[in-house]
Amino acid sequence: MSVLEIPIRKLNTGASVPGIGIGCASNERTPEAFRATKPWILNAIQSGYRHLDTASLYGTEESVGLAVKESGVPREELFVTTKLPWSHTSIFWKSLYDSLDRLDIDYVDMYLMHSPMSWKYIGDGFELDKIFPRDSDGNALLLDHPNFSDTWATMEMALATGKVKAIGVSNFSIKNLEKLLETAKVVPAVNQVEMHPLLVEEELLQYCKSKGIVVVAYSPTGFSDVLTLPLIQKLAEKYSTSAVQLVLSWHIARGVIPVPQSTNPGRQLQNLTLPVLEAEDVKAISSLDQGKRLTQKIDEKDGKLWGAWTAEQLGW
Ligand SMILES: NC(=O)c1ccc[n+]([C@@H]2O[C@H](COP(=O)([O-])OP(=O)(O)OC[C@H]3O[C@@H](n4cnc5c(N)ncnc54)[C@H](OP(=O)(O)O)[C@@H]3O)[C@@H](O)[C@H]2O)c1
């Protein structure tokens with residue numbers, strides 16, 4: 001197979017960002033599990049990844065910072081993203097400086113608002129009750145202020161500190177981007193959203209491109225829901241690759257930056273060794289779209305995401 005040269009994308013800030021990143025979430029939420037992520041994050045850097053995607057609420061910022069140091073790769077050759085939790089919107093500056101402390105690096109290349117939702121802050125920590133605070137009846141503790149437009153204005157101020165080289169959003173729909181842009185002085189550099197062949201998001205992608213916003217795809221493999229589809233299997237065979245490699249190449253062909261996560265050295269390397277797809281195959285993979293979310297799903301019983309926002313509020 002001819003191997004794709006992973007592109008370098010340009011952000012609206014003028015900065016460059018590697019066209020694939022390594023997802024750095026932890027599969028389990030214990031301090032031991034968080035610490036156990038360092039070796040595979042370090043291995044990813046040693047294997048050639050130069051773009052690392054973490055978040056305050058993943059519990060892996062410390063591991064990412066340690067891996068960056070131990071790798072010996074000059075800081076300016078790495079692109080590090082972290083994210084403001086939805087439950088930290090009311091303590092923005094503390095949350096940002098806590099992230100920088102945990103990472104123990106001078107600056108992040110990208111700071112994302114993790115969600116358009118704003119939840120109450122009830123204390124530090126990575127426990128789920130801190131991330132999704134609820135009252136005694138189990139209702140989500142949501143804030144009207146700061147809303148995402150207010151938070152964005154604070155993020156714009158953070159740019160001036162030099163601790164944050166670019167700012168962006170995550171889980172934003174066209175509807176919420178339009179609202180954000182009504183008052184924004186700075187256009188988000190990135191919108192990180194769930195995206196895979198069952199959730200192609202063509203309209204959102206074209207909208208973001210028209211505004212100069214780079215789209216980053218999370219859950220980019222689409223898991224077994226995507227990987228076992230007959231067309232995916234057939235095309236993987238045609239290109240003599242795995243289904244994951246095929247799907248990652250599809251993202252790149254669409255101008256999207258996937259951030260696949262793998263803790264496995266062999267699969268990390270595989271995910272950097274991608275086939276060059278014919279245009280008609282890119283189109284065929286896109287035609288698998290079902291608008292189906294696999295990671296952030298609306299609960300059928302209450303019609304909400306995490307008991308908080310409805311599909312309408314999210315613009316889904
Ligand atoms: N902004 C947000 O709200 C948000 C939400 C979710 C995720 N994210 C980001 O996106 C990243 C990735 O998302 P994700 O973990 O949900 O989905 P993903 O990267 O699509 O899937 C990860 C799974 O795929 C497996 N895998 C990876 N490469 C493979 C390969 N070549 N062959 C076979 N299996 C392979 C991994 O297993 P092994 O580890 O065993 O290889 C792991 O089980 C996260 O780490 C995080 O950085 C962001």
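The structure displayed is predicted, hence computed values, not measured ones. Numbering of ligands and ligand atoms starts at 1, following listing order.
Among the atoms of Gln261, some N or O lies under 3.5 angstrom from an N or O of ligand 1. In terms of N/O distances under 3.5 Å, ligand 1 is not approached by Thr295. Distances between N or O atoms of Val244 and those of ligand 1 include no value under 3.5 Å. Not a single N or O atom of Ser242, backbone or side chain, sits closer than 3.5 Å to an N or O atom of ligand 1.
Of the charged side-chain nitrogens involved, at least one lies within less than 4.0 Å of a carboxylate oxygen, so that Glu278 and Lys238 count as a salt-bridged pair.
The line from OG1 of Thr228 to CZ of Phe223 is 13.0 Å long, rounded to the nearest 0.5 Å.
Atom 31 (N) of ligand 1 has its nearest heavy-atom neighbour, among Asn271, Val193, Thr60, Leu227, in Asn271. When the heavy atoms of Gln296, Lys83, Arg267, Gln268 are ranked by distance to atom 38 (P) of ligand 1, first place goes to Arg267.
For the side chain to side chain donor-acceptor pair (under 3.5 Å) condition, the pairs that include at least one residue of residues 185-194, sequence neighbours left out, are Asp53-Gln192, Glu194-His196.
Atoms of ligand 1 found under 4.0 Å from any heavy atom of Phe223, numbered from 1 in the order shown, are 16 (O), 17 (O), 18 (P), 20 (O), 21 (O). Interface of Cys24 with ligand 1, defined as ligand atoms under 4.0 Å from a residue heavy atom, comprises 45 (O), 47 (O). Ligand-side atoms of ligand 1 in range of Val259: 10 (O), 11 (C), 12 (C), range being under 4.0 angstrom from any heavy atom. Within the listing of ligand 1, atoms 18 (P), 19 (O), 20 (O) sit less than 4.0 angstrom from a heavy atom of Pro220.
Partners of Asp137 by side chain to side chain contact (heavy atoms under 4.5 Å, CB included), not counting sequence neighbours, listed by chain and number: Asp135, Asn139.
Looking at Ser115 against ligand 1, nothing comes within 4.0 Å, counting heavy atoms.
Of the protein's heavy atoms, none falls inside 4.0 Å of atom 43 (O) of ligand 1.
Between Tyr111 and the choices Lys163, Lys165, Met155, the side-chain contact (heavy atoms from CB on, under 4.5 Å) rule is met once, by Met155.
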